[in-house]
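Here is the structure we will look at.
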Amino acid sequence: MKKIILALFVGTLMVSCKTEEKKEVSVEKETVVEKTMVDLSRYPQGLKDVLAAHGGLQKWSEMRSLTYSLDETETIADVQTRDIVVKSPTHTIGSLDGKVWIAQDSAYFPEARAKFYHNLMFYFYSMPFLLADSGIVYEDVEPLEFDGVTYPGIKVGFEAAVGDSPDDNYLMFYHPETKKMTWLAYTVTAGNRGKSDKFNFVNYNEWNEVNGLLLPTQLTWYKVENNKPTVPAGKVREFKSIDIDGGNMDTATYAKPENGVYVD
């Protein structure tokens, strides 16, 4: 009798073990996304301070789509690829993969000027982050004195064959306490021969936080005497409907429409 009971016990144990072996264990795998960290080592300390005050270059590098309206124009841009489309009531200008185009029902906007203007306001608007692009060289510059405030500055130039106007120069001045960018001085060499030492000045005095980044809401151009800003020139440029996020638009957003022509 004991032998029969022992045999039954062993048999039951074997069946139990086989049943347990057939059980499947479901283990959820956690997806780990590695974030590429931006290397700030090549930038001067002043620029690093300004970038940090505006939300950081790391945050900017994680963004893709930027939209805003200015006067009667609406702009959509990819801040990483620099694809862009600018729509107005009379014409639309854009670029995809560096090829600039214009679409219009008449000859309202000169095609020859489309390449220069298609991303002009985007570059002013995206400061100071675009001053961290590759191919840029930095130098110290004398501070700017304006209305009793001394603004430290950085001179920005370009390596040869970088961009459409490698001879352009920029001077970026920032508030000594907040480190926010306050002034941008720039030269224009497009269509000209050689470098220019005549600077234009833009004042950045209104900022708005959007998704962790400080973006301008107003730009004011100033009259200049002896390469120094004096008084406002013309109306304040006001940006509205501002948004920036990490989602990218379909490439069709920036593609040339059927009635468009390339201007390169």
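Scope of the values below: all heavy atoms of this structure, side chains included, with no hydrogens, waters or symmetry mates. Index from 1, following the sequence.
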> Hey, mind stepping through Gln104 and Thr90 against side-chain contact (heavy atoms from CB on, under 4.5 Å) and telling me if it holds?
Replying inline: CA-CA 7 Å; Gln104 55 185 341; Thr90 57; over 6 Å; no
> Tyr262 and Ile102: side-chain contact (heavy atoms from CB on, under 4.5 Å), yes or no, with the steps?
Replying inline: CA-CA 7 Å; Tyr262 291 112; Ile102 183 171; over 6 Å; no
> Going through the checks in order, is the side-chain contact (heavy atoms from CB on, under 4.5 Å) test met by Met249 and Ile76?
Replying inline: CA-CA 9 Å; Met249 299 288 188; Ile76 304 173; 4.1 Å; yes
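The two atoms that bring Ala132 and Arg42 nearest to each other are O-NH2, 3.1 Å, heavy atoms only. Shortest non-hydrogen contact noted between Val100 and Ala114 is CG1-O, 4.1 Å. Taking every heavy atom of both residues into account, Tyr151 and Phe146 meet most closely at CE1-O, 3.9 Å. When all heavy atoms of Gln218 and Phe239 are compared, the pair lying nearest together is N-CD1, 4.4 Å. Of all heavy-atom pairs spanning Leu57 and Leu40, the tightest one is CD2-CD2, 3.8 Å. Contact record, Ile154 with Pro44: CD1-CG, 4.2 Å, taken as the closest heavy-atom pair.
Side-chain atoms of Asn226 do not come within 3.5 Å of backbone N or O of Lys228 as any donor-acceptor pair. Proximity of a side-chain donor or acceptor of Asn208 to a complementary backbone N or O of Thr217 within less than 3.5 Å is not detected. In this structure, the side chain of Asn227 engages the main chain of Asp197 through a donor-acceptor pair within 3.5 Å.
We find the CG-CD1 distance between Asn211 and Ile244 to be 7.5 Å, quoted to the nearest 0.5 Å. Note that CG of Asp245 is 11.0 Å distant from CG of Leu213, once rounded to the nearest 0.5 Å. Considering CD1 of Ile84 and CE of Met121, their distance stands at 10.5 Å, rounded to 0.5 Å. Summarising the geometry, atom CG belonging to Leu70 is positioned 14.0 Å from atom CZ belonging to Phe122; distances are rounded to the nearest 0.5 Å. Rounding to the nearest 0.5 Å places CG of Asp49 at 14.5 Å from NZ of Lys180. If you take CG on Asn169 and CG on Leu171, they are separated by 7.5 Å, rounding to the nearest 0.5 Å.
Exactly one of Phe124, Phe199, Phe173, Phe201 qualifies for a side-chain contact (heavy atoms from CB on, under 4.5 Å) with Leu184. That residue is Phe124. Of the residues Thr75, Asp71, Thr73, the one that meets the side-chain contact (heavy atoms from CB on, under 4.5 Å) test with Ser88 is Thr73.
Geometric assessment of Lys179 against the ring of Tyr174 yields a negative cation-pi assignment under the 6.0 Å and 45° thresholds. Geometrically, Lys240 does not engage Tyr68 in a cation-pi contact, judged by NZ or CZ lying under 6.0 Å from the ring centre and within 45° of the ring axis.
Under 3.5 Å, the side chains of Glu145 and Thr150 contain a donor-acceptor pair of N or O atoms. Looking only at atom types and distance, the side chain of Asp83 has a donor-acceptor partner in the side chain of Thr81 under 3.5 Å away.
At most 12 heavy atoms of other shown residues, nucleotides or ligands fall within 6.0 angstrom of atom CG in Asp140. In Gln45, the CD atom is crowded: over 12 heavy atoms of neighbouring residues, nucleotides or ligands sit closer than 6.0 Å. Under a cut-off of 6.0 angstrom, the local environment of NZ in Lys87 is sparse, with at most 12 non-hydrogen atoms contributed by other residues, nucleotides or ligands. Surrounding CG of Asn259 are more than 12 heavy atoms belonging to other residues, nucleotides or ligands, all under 6.0 Å away.
Relative orientation of the His54 and Trp207 rings is perpendicular, given thresholds of 30° and 60° on the angle between their planes.
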